[in-house]
Amino acid sequence: MVGYDPKADGRNISNFEVAVAGSVSGLVTRALISPLDVIKIRFQLQIERLSRRDPNAKYHGILQAARQILQEEGPAAFWKGHIPAQLLSVGYGAVQFLSFEMLTKLVHRAGVCDARDSSVHFVCGGLSACVATLAVHPVDVLRTRFAAQGEPRVYKTLRNAVATMYRTEGPSVFYKGLNPTLIAIFPYAGFQFSFYNSLKHAYEWVTPAEGKKNENLKNLLCGSGAGVISKTLTYPLDLFKKRLQVGGFERARAAFGQVRSYQGLLDCGRQVLREEGAQGFFKGLSPSLLKAALSTGLIFFWYEFFCNLFHHMKTTHS
């Protein structure tokens with residue numbers, strides 16, 4: 001069970017074990033879905049339409065983009081920025097799940113409402129994601145820069161990227177795109193935890209008794225469903241975040257087509273709407289939904305798997 005459940009208090013998982021389970025779930029998931037993440041970021045940053053009918057469009061489909069990246073940059077390109085991405089996933093997973101467990105436990109002890117309610121999971125999930133975002137946002141900016149650059153690379157190593165960005169753009173560069181990130185992450189994570197909770201209840205209601213034995217499948221399916229719903233509802237803000245994070249990085253984007261400069265979140269939204277139309281808000285949605293289904297499903301799956309593993313290890317040795 002994700003979140004504090006007084007009926008399952010005997011699970012007896014420590015805060016350290018919660019943090020480890022969150023970290024490992026993020027690490028394993030990130031390694032598996034990195035290629036989709038790179039393609040999604042490339043789509044989000046492309047000014048031209050994602051269509052074969054636009055002769056200036058570098059990318060227009062998932063398979064086409066995968067083939068082109070492979071041909072031009074080699075297989076390693078699908079894991080560009082993987083080190084900062086892993087740092088992001090490990091740190092984010094630890095802080096988010098630990099915060100979520102502590103917040104839901106606090107709600108239970110305060111006695112204001114049932115800690116297992118979907119509404120509680122929405123608020124606690126959103127708050128825990130904001131805390132995790134503040135902790136790891138600089139790494140997210142680094143990950144986006146690495147995934148966005150073509151060849152030849154502007155940043156050779158993580159250390160080189162940090163030093164160059166700090167020297168040329170100042171310390172504030174590491175928090176570019178923070179406003180849309182926080183605005184988007186609260187409902188996105190809130191919906192993730194809330195829908196995961198709701199879908200698990202729905203799954204138990206519609207599944208025959210013999211089908212309820214497969215907890216791993218339930219966690220994977222409900223996590224995937226929660227990821228797709230959450231991503232669809234909050235996607236435009238994720239696109240704005242990516243556009244803002246590569247501001248001042250135009251020289252590394254020259255080979256990919258047109259580039260734009262944005263003065264902030266509202267200016268970014270206005271420019272996208274004026275130049276790319278309403279559909280521009282959903283560029284990269286297809287790989288993003290595929291990624292969301294896989295990543296959210298796997299994150300919840302691995303988190304619950306490792307929490308149950310820690311509990312089993314304790315009960316076995318007690």
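We count residues from 1, following the sequence as given.
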Using a 4.5 Å cut-off on heavy atoms from C-beta on, say whether the side chain of [Y] contacts that of [X].
{"X": "Arg30", "Y": "Val90", "answer": "no"}
{"X": "Lys231", "Y": "Asp238", "answer": "yes"}
{"X": "Ser99", "Y": "Leu127", "answer": "no"}
{"X": "Asp267", "Y": "Arg270", "answer": "yes"}

N/O donor-acceptor pair under 3.5 Å between Lys40 side chain and Leu290 backbone: no
Exam field: side chain Thr104 to backbone Glu101, donor-acceptor pair closer than 3.5 Å: yes
Taking only Lys NZ, Arg NE, NH1 and NH2, and the carboxylate oxygens of Asp or Glu, determine whether [X] and [Y] approach each other closer than 4.0 Å.
{"X": "Glu73", "Y": "Arg42", "result": "yes"}
{"X": "Glu72", "Y": "Lys58", "result": "yes"}
{"X": "Arg49", "Y": "Glu276", "result": "no"}

What is the ring orientation for [X] with [Y], classed by angle as parallel under 30°, tilted 30 to 60°, or perpendicular over 60°?
{"X": "Tyr175", "Y": "His137", "value": "parallel"}
{"X": "Phe300", "Y": "Phe193", "value": "perpendicular"}
{"X": "Phe305", "Y": "Trp302", "value": "perpendicular"}

Between [X] and [Y], ring centroids under 6.0 Å:
{"X": "Phe240", "Y": "Phe281", "result": "yes"}
{"X": "Tyr196", "Y": "His121", "result": "no"}
{"X": "Phe122", "Y": "Phe186", "result": "yes"}

Less than 3.5 Å apart, any donor N or O on the side chain of [X] or [Y] sitting next to an acceptor on the other?
{"X": "Thr29", "Y": "Ser295", "value": "no"}
{"X": "Gln96", "Y": "Tyr303", "value": "no"}
{"X": "Thr296", "Y": "Gln192", "value": "yes"}

Distance, nearest 0.5 Å, that separates OG1 of Thr181 from CG of Leu265: 9.5 Å
